[in-house]
Amino acid sequence: MKKLLTLLLVLLPFAIQADFDTKDTIYVDLLTSKNLQEVKLGAKALHHSLPENVQLWDLAAFTLWSMNQNGDKEDDEFDDTISWLAKAIGESQNARYRTLLTEQNSNEASRKVKKYFKSAIRNLTKEDLPQFRAQEFNLEAINVINATTTPTLKKFDQIAQGDSLDSVIEKLGKPDGVGQYIRSYRRPFIGRQTFQNLRLSYINLGSMELKYEKTHWIVDLKSKQTSVDISDIAPEYRDLLSRLVSNDVTQIRTAAREAIKLPLTDTATLDHVAQYIWDNQQTEDSDFADSLAWLCKVLSKSQNGRYKEMLSTLAQKPLHSKITRYAANTAKVLNGTQPFFTPKVTIKESKSSSTTNL
């Protein structure tokens with residue numbers, strides 16, 4: 001497989017503008033992420049899949065160069081991410097990247113990084129090829145083939161555990177959000193193991209976690225988003241919000257950490273988060289209550305006093321202790337700001353239901 005890939009990469013004209021199909025764009029989203037862990041997952045995806053699109057490898061090489069030029073080398077993820085990029089590029093076996101890898105193998109790099117760069121350089125073929133120049137790489141020249149598939153709830157429901165990434169793309173088309181899904185297990189005699197899996201999200205439908213098994217990505221877990229329409233939210237927050245209001249407690253907590261780190265301050269997005277806490281306040285499930293507590297932290301970090309009154313109300317109710325405690329703590333640190341957020345309450349009737357403001 002690697003010999004065939006090398007031959008294809010060597011024969012392809014390097015100046016040609018390549019079309020990026022839906023699967024390619026998933027890898028592009030990972031490699032261009034601001035989150036180094038997601039960049040690392042993109043490098044791992046190339047390592048697993050060995051794609052034939054030369055511009056994907058050029059993008060990986062450009063990302064490696066950009067990290068060394070402008071990246072935060074003090075970031076805990078820096079060495080691991082750039083090592084994975086070098087490893088993946090080496091596995092392409094394309095001599096086109098020899099100069100780049102040689103020049104970017106800085107004397108200031110850690111022993112671990114140098115080891116991966118040297119190994120990658122050894123894996124490259126000996127052909128005398130025009131060398132990749134990062135300064136000439138044009139990310140905007142990438143031509144994305146628009147998907148013709150429209151995702152629907154019916155199609156989303158048809159996705160089953162074990163389905164391949166190709167099958168998901170065929171049914172649902174390009175995802176609205178791409179990222180990582182951190183899955184942690186405690187195993188007998190081994191201890192806790194953490195896996196970095198692929199996450200795809202489809203706005204107003206839900207998301208799924210895919211793990212790499214043998215030769216391809218397969219669906220391991222599927223989560224539905226709340227039924228509330230979030231298409232009115234600014235595009236840059238939709239993927240994050242979709243995960244904050246999902247039915248997957250692990251995903252909620254991870255997304256909450258992202259929102260806290262930003263911090264998330266967009267009022268329209270925070271209103272959905274506040275409504276989700278309100279709608280699920282009666283839960284008796286400890287894990288779900290813990291996730292709602294994390295969402296309270298998101299509201300706290302926003303410093304938006306609009307949510308003080310709602311949280312104060314929750315703190316006084318006979319709810320799960322995690323919810324009341326974090327609601328109370330958040331209400332204390334927020335300075336009340338009018339107009340206060342007023343949660344909608346669904347009133348169930350005999351044959352239908354209606355939604356009113358509290």
Side-chain angles (χ1 to χ4, degrees), residues 1 18-33 35 38 41-53 55-56 59 142-183 195-252 254-255 258 272 276:
M1 172 64 185
D19 288 335
F20 274 44
D21 62 20
T22 300
K23 193 171 183 179
D24 288 340
T25 61
I26 289 173
Y27 296 160
V28 170
D29 287 345
L30 292 172
L31 290 170
T32 57
S33 172
N35 183 331
E38 293 184 353
L41 179 58
K44 289 181 178 179
L46 295 185
H47 154 76
H48 289 316
S49 302
L50 293 177
E52 297 175 2
N53 188 339
Q55 281 204 350
L56 269 179
L59 175 58
I142 293 173
N143 181 36
V144 177
I145 301 174
N146 293 325
T148 57
T149 303
T150 302
T152 64
L153 183 58
K154 181 179 180 180
K155 293 177 182 177
F156 185 84
D157 288 340
Q158 291 172 353
I159 302 297
Q161 187 178 39
D163 282 355
S164 68
L165 173 59
D166 290 334
S167 177
V168 172
I169 292 172
E170 182 181 355
K171 286 188 175 75
L172 300 176
K174 186 181 186 303
D176 297 298
V178 176
Q180 65 170 344
Y181 192 111
I182 301 297
R183 174 66 64 182
F195 299 88
Q196 189 184 20
N197 292 335
L198 176 64
R199 173 186 55 77
L200 308 179
S201 64
Y202 292 87
I203 300 307
N204 288 335
L205 299 178
S207 61
M208 58 196 73
E209 171 192 0
L210 294 91
K211 64 180 180 180
Y212 198 84
E213 190 170 276
K214 294 182 180 178
T215 60
H216 55 279
W217 294 96
I218 63 169
V219 175
D220 192 40
L221 178 71
K222 186 175 68 172
S223 307
K224 282 193 175 182
Q225 180 197 304
T226 179
S227 59
V228 177
D229 183 6
I230 65 170
S231 58
D232 61 329
I233 297 301
E236 61 265 34
Y237 300 121
R238 287 176 194 161
D239 176 51
L240 177 59
L241 177 58
S242 178
R243 291 178 283 133
L244 288 169
V245 296
S246 76
N247 64 358
D248 180 350
V249 295
T250 301
Q251 186 167 238
I252 293 173
T254 302
E258 290 181 32
H272 279 286
Y276 189 74

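This is a predicted model, so every value here is computed, not measured.
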S.K.: Looking at Asn247 and Lys224, would you say the former's side chain and the latter's main chain have a donor-acceptor pair under 3.5 Å?
M.R.: yes

S.K.: How would you list, by chain and number, every residue that makes a ring-ring contact (aromatic ring centres under 6.0 Å, His included) with Tyr212, sequence neighbours excluded?
M.R.: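 Tyr212 satisfies ring-ring contact (aromatic ring centres under 6.0 Å, His included) with His48, Trp217 once adjacent residues are dropped.
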
S.K.: Atom OG1 of Thr250 and atom CD1 of Ile182: how far apart are they, to the nearest 0.5 Å?
M.R.: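 Going from OG1 on Thr250 over to CD1 on Ile182, the span is 11.0 Å.
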
S.K.: Hey, are Arg199 and Asp248 close enough for a salt bridge, meaning a charged N less than 4.0 Å from a carboxylate O?
M.R.: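 Judged by the 4.0 Å cut-off on N to carboxylate O distance, Arg199 and Asp248 do not form a salt bridge.
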
S.K.: Looking at Gln161 and Asp220, would you say the former's side chain and the latter's main chain have a donor-acceptor pair under 3.5 Å?
M.R.: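 Confirmed, Gln161 side chain pairs with Asp220 backbone.
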
S.K.: Are the side chains of Met208 and Asp163 in touch, meaning some heavy atoms are under 4.5 Å apart?
M.R.: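 They are not in side-chain contact.
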
S.K.: Are Asn204 and Ile230 close enough that some pair of their side-chain heavy atoms sits under 4.5 Å apart?
M.R.: yes

S.K.: In terms of side-chain heavy atoms, does Asp229 have a donor or acceptor partner in Ser231 at a distance below 3.5 Å?
M.R.: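 Per modelled atom types, Asp229 and Ser231 side chains form a pair under 3.5 Å.
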
S.K.: Applying side chain to side chain donor-acceptor pair (under 3.5 Å), run through Tyr181 and Ser207 and close with a yes or a no.
M.R.: CA-CA 10 Å; Tyr181 192 111; Ser207 61; over 6 Å; no

S.K.: Taking the six-membered ring of Phe156, is the NZ or CZ of Lys222 close enough (under 6.0 Å from the centre) and on axis enough (within 45°)?
M.R.: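 So Lys222 does make the cation-pi contact.
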
S.K.: Spell out, as yes or no, whether a donor-acceptor pair under 3.5 Å connects the side chain of Arg238 to the backbone of Ile233.
M.R.: yes

S.K.: State whether the side chain of Lys171 and the backbone N or O of Gln158 hold a donor-acceptor pair below 3.5 Å, judged by distance alone.
M.R.: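 No: the side chain of Lys171 does not pair with the backbone of Gln158.
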
S.K.: Could you tell me whether the side chain of Ser242 and the main chain of Asp239 form a donor-acceptor pair under 3.5 Å?
M.R.: no

S.K.: What residues form a side-chain hydrogen bond (donor to acceptor under 3.5 Å, both in side chains) with Ser33, not counting sequence neighbours?
M.R.: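 Ser33: side-chain hydrogen bond (donor to acceptor under 3.5 Å, both in side chains) contacts with Glu38.
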
